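Worksheet for the structure shown next.
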Amino acid sequence: MFQVDLVGGYYDAGDHVKFGFPMAHAVTMLSWGVLEFEKEMVAADELNRALDAIRWGTNYFLKAHTQPNVLWVQVGDGDSDHLCWERAEDMSTPRTASKIDTDHPGSDVAGETAAALASAAKAFRHYDSQYADVLLLHAKQLFSFADTFRGKYDDTLQCAKKFYPSASGYQDELLWAAVWLYEATGDGTYLGYVARNAESLGGTGWAVREFSWDNKYAGVQVLLSKILLAGGGGDYADTLKQFHAKAEFFMCACLQKNGGNNVKTTPGGLLYVADWNNMQYVSSASFLLAVYGDYLAESGDALNCPDGQVKPAEIIAYARNQADYVLGKNPLSMSYMVGHGDKYPSHVHHRGASIPSVSAVSDTVGCMDGFDAYYNSPGADPNVLHGALVGGPDGNDGFVDDRCNYQRAEPTLASAAPMCSVFARLAAEPAASGASSPGGYNPPAPTHGQQGSPLEFVHTVTHSWTKDGAEYYRHAVTYINTCGQPITYVKLKIEELTGPIYGVSATQDKEMYEFPSWLTRLDAGDKRDLVYIQQGGPPAKISVVEYKTG
């Protein structure tokens with residue numbers, strides 16, 4: 001059996017799987033932050049910590065890149081890992097390692113890893129030039145591998161498809177890697193690659209409203225705008241102007257100045273892109289807003305949006321608005337960064353946070369023991385996960401501090417990495433006294449016309465079994481009234497249900513259900529449970545079609 005040393009790196013979130021794709025993106029964002037806000041990090045005495053965090057990731061990638069066209073991209077199995085709730089010290093799940101190579105290409109993850117190594121090389125250039133040279137060598141090899149042997153990594157690695165699929169394709173990562181190699185080397189060949197492939201790889205065609213571990217187009221567009229705004233680009237300036245236009249689309253959409261193409265926001269002013277781990281999008285968007293605002297300020301330009309011109313200071317103010325919301329200036333006065341302030345999530349969906357340390361409980365905590373004793377415990381986490389950024393509130397600014405609430409209570413690398421640099425940038429420029437950010441939350445003004453579901457659904461798989469060769473799962477769903485008013489009637493649509501359901505009453509309409517007859521009122525903040533059996537496949541989809549308050 002082939003042996004490879006893959007010690008190191010980062011676990012992805014609240015689990016014990018090392019997913020190379022989002023891990024590489026987190027390292028890229030940390031490196032970009034050091035490059036943009038180095039002096040701010042020095043002033044805060046945090047630069048060495050930032051470089052150490054980057055090096056921990058890049059050392060792992062160097063180990064994982066065992067040959068020019070081989071990259072190990074995952075350690076652990078998501079399915080088996082998620083069936084266990086145990087400390088890392090007690091880990092009993094398989095540590096299966098998965099790789100990409102010429103027969104199993106993965107241009108997306110290889111490209112992102114190349115970007116991570118190239119951006120880190122530039123960050124380390126003045127501090128450890130020999131190490132930077134090593135990083136750059138591997139970055140160049142990985143980019144060549146990604147470009148020559150094209151394909152999505154989750155097309156051949158089924159272990160990745162369920163958890164971190166490359167939904168946007170690999171084209172954005174090819175551009176992303178090339179731009180970072182240009183940044184790290186100054187070699188115009190890489191900028192030429194971007195210009196020649198701008199249309200075919202989607203860089204000048206995609207106008208996006210998100211920036212994430214999967215979709216890098218906005219990051220590419222902003223980086224290339226930096227070059228253009230600084231007077232660079234040369235023969236490729238016309239192409240860079242097309243990238244610049246797409247970067248402005250993203251900025252205007254975040255700033256609510258893009259006509260009918262804005263990013264949605266909660267009533268409290270938080271950018272809201274997705275129900276699952278929305279804070280990753282807030283973090284990434286805030287980072288791009290911060291750097292773009294500085295690019296414009298340095299070049300003496302302003303942002304011209306369909307709904308008006310925005311000055312650089314206003315862009316920075318909007319980034320501050322998002323950061324302030326994260327740290328507690330929101331309708332719940334809840335800090336979504338664990339350990340910050342007086343009120344923050346205390347039931348984080350994270351194994352290490354929820355189970356006492358080995359110094360407190362020396363006995364092994366078994367796979368299922370952890371669920372029984374700690375996952376389902378109403379008690380607060382024994383270990384405070386300082387600095388973790390959880391998934392955040394729902395679209396109505398509601399948040400249920402419940403360990404089972406993995407969509408909103410689980411922290412991730414992809415969320416935390418960009419926000420580190422946002423905090424560094426904002427700490428160096430305190431907000432004006434009494435000032436309020438555009439679109440921000442200013443308590444105690446009431447909010448009206450809240451949109452979105454009045455119920456939050458927290459899904460948990462409580463049991464599984466096999467019968468006649470088929471797998472069955474028992475799903476428990478807690479629904480919580482988050483609308484702020486008593487609910488007297490609700491109609492639910494439950495799609496893709498394959499088995500019996502308990503706790504709701506079926507109607508004559510297909511897939512439609514109501515409260516059980518005995519439940520005539522669900523007060524604000526109250527919760528009830530429903531249970532259903534599912535044969536294989538994903539969980540059923542539950543949504544609110546109609547409701548009444550009174």
Side-chain angles (χ1 to χ4, degrees), residues 20-22 24-25 28-29 32 68-69 71 73 100 102 104-119 139-157 160 164-229 232-251 253 284 288 292:
F21 198 14
H25 183 62
T28 306
M29 295 308 298
W32 192 359
N69 294 335
L71 178 67
V73 299
I100 56 172
T102 56
H104 309 88
S107 302
D108 30 33
V109 65
E112 181 60 75
T113 309
L117 295 173
S119 57
K140 291 177 179 179
Q141 290 179 345
L142 281 167
F143 175 66
S144 177
F145 170 38
D147 189 38
T148 304
F149 301 94
R150 295 189 179 187
K152 289 173 52 179
Y153 86 123
D154 56 304
D155 281 344
T156 54
L157 296 181
Y164 283 97
S166 184
S168 67
Y170 60 77
Q171 292 85 351
D172 51 330
E173 279 82 22
L174 291 178
L175 294 173
W176 181 238
V179 174
W180 274 116
L181 280 164
Y182 174 71
E183 283 283 311
T185 65
D187 184 347
T189 302
Y190 294 109
L191 189 60
Y193 175 94
V194 171
R196 289 194 310 274
N197 293 281
E199 184 176 354
S200 64
L201 295 180
T204 54
W206 278 63
V208 298
R209 290 178 293 181
E210 72 170 71
F211 176 47
S212 67
W213 59 264
D214 176 35
N215 193 323
K216 315 296 167 25
Y217 283 115
V220 170
Q221 292 154 1
V222 168
L223 267 177
L224 292 172
S225 295
K226 174 186 179 181
I227 297 170
L228 185 69
L229 289 168
D235 294 339
Y236 310 119
D238 287 343
T239 302
L240 296 194
K241 289 177 182 178
Q242 297 178 55
F243 281 100
H244 183 216
K246 293 299 188 293
E248 290 196 327
F249 178 95
F250 176 85
M251 295 298 154
S284 296
L288 291 188
Y292 197 76

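Not measured: the values here are computed from a predicted model.
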Counting distance only, does the side-chain N/O of [X] pair as donor-acceptor with the main-chain N or O of [Y] below 3.5 Å?
| X | Y | value |
| --- | --- | --- |
| Glu183 | Trp32 | no |
| Asn215 | Ser168 | no |
| Ser144 | Lys140 | no |
| Gln221 | Gly203 | yes |
| Asp108 | Tyr153 | yes |
| Ser107 | Gly151 | yes |

Next on the checklist: Tell me which pairs pass salt bridge (charged side-chain N to carboxylate O under 4.0 Å, His left out) where either residue lies in residues 166-177, with sequence neighbours left out.
Outcome noted: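 Sorted result for residues 166-177: Glu173-Lys216.
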What's the separation between atom [atom1] in [X] and atom [atom2] in [Y], rounded to the nearest 0.5 Å?
| X | Y | atom1 | atom2 | value |
| --- | --- | --- | --- | --- |
| Leu229 | Leu224 | CG | CG | 11.0 Å |
| Asp235 | Leu240 | CG | CG | 10.5 Å |
| Glu112 | Trp180 | CD | CH2 | 10.5 Å |
| Arg209 | Phe249 | CZ | CZ | 6.0 Å |
| Leu201 | Asp147 | CG | CG | 8.0 Å |
| Gln141 | Leu117 | CD | CG | 10.5 Å |

Side chain to side chain, [X] and [Y], heavy atoms closer than 4.5 Å:
| X | Y | answer |
| --- | --- | --- |
| Gln171 | Asn197 | no |
| Thr28 | Trp176 | yes |
| Ile100 | Val109 | yes |
| Val194 | Phe243 | yes |
| Tyr217 | Leu175 | yes |
| Val220 | Lys246 | no |

Checklist entry - Any luck finding a side-chain donor-acceptor pair between Ser166 and Asp154 under 3.5 Å? => result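 No.
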Next on the checklist: Between Thr189 and Asp187, is there a side-chain donor-acceptor contact under 3.5 Å, judged purely by atom types and distance?
Outcome noted: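 Distance-only check passes for Asp187 and Thr189.
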Checklist entry - How about Phe143 and Tyr193: are their ring centres within less than 6.0 Å of each other? => result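 They qualify: ring centres under 6.0 Å apart.
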Over all heavy atoms of both residues, which pair between [X] and [Y] is shortest? Give the atoms and the distance, please.
| X | Y | result |
| --- | --- | --- |
| Ser212 | Glu210 | OG-OE2, 3.3 Å |
| Ala178 | Tyr190 | O-CB, 3.4 Å |
| Thr102 | Phe145 | N-CE1, 4.0 Å |
| His104 | Thr156 | CB-OG1, 3.8 Å |
| Thr239 | Ala198 | CG2-CB, 3.7 Å |
| Leu288 | Ala218 | CD1-CB, 3.8 Å |

Checklist entry - Hey, what's the ring geometry for His25 with Phe211, parallel, tilted or perpendicular (30° and 60° as the breaks)? => result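 His25 vs Phe211 ring planes: perpendicular.
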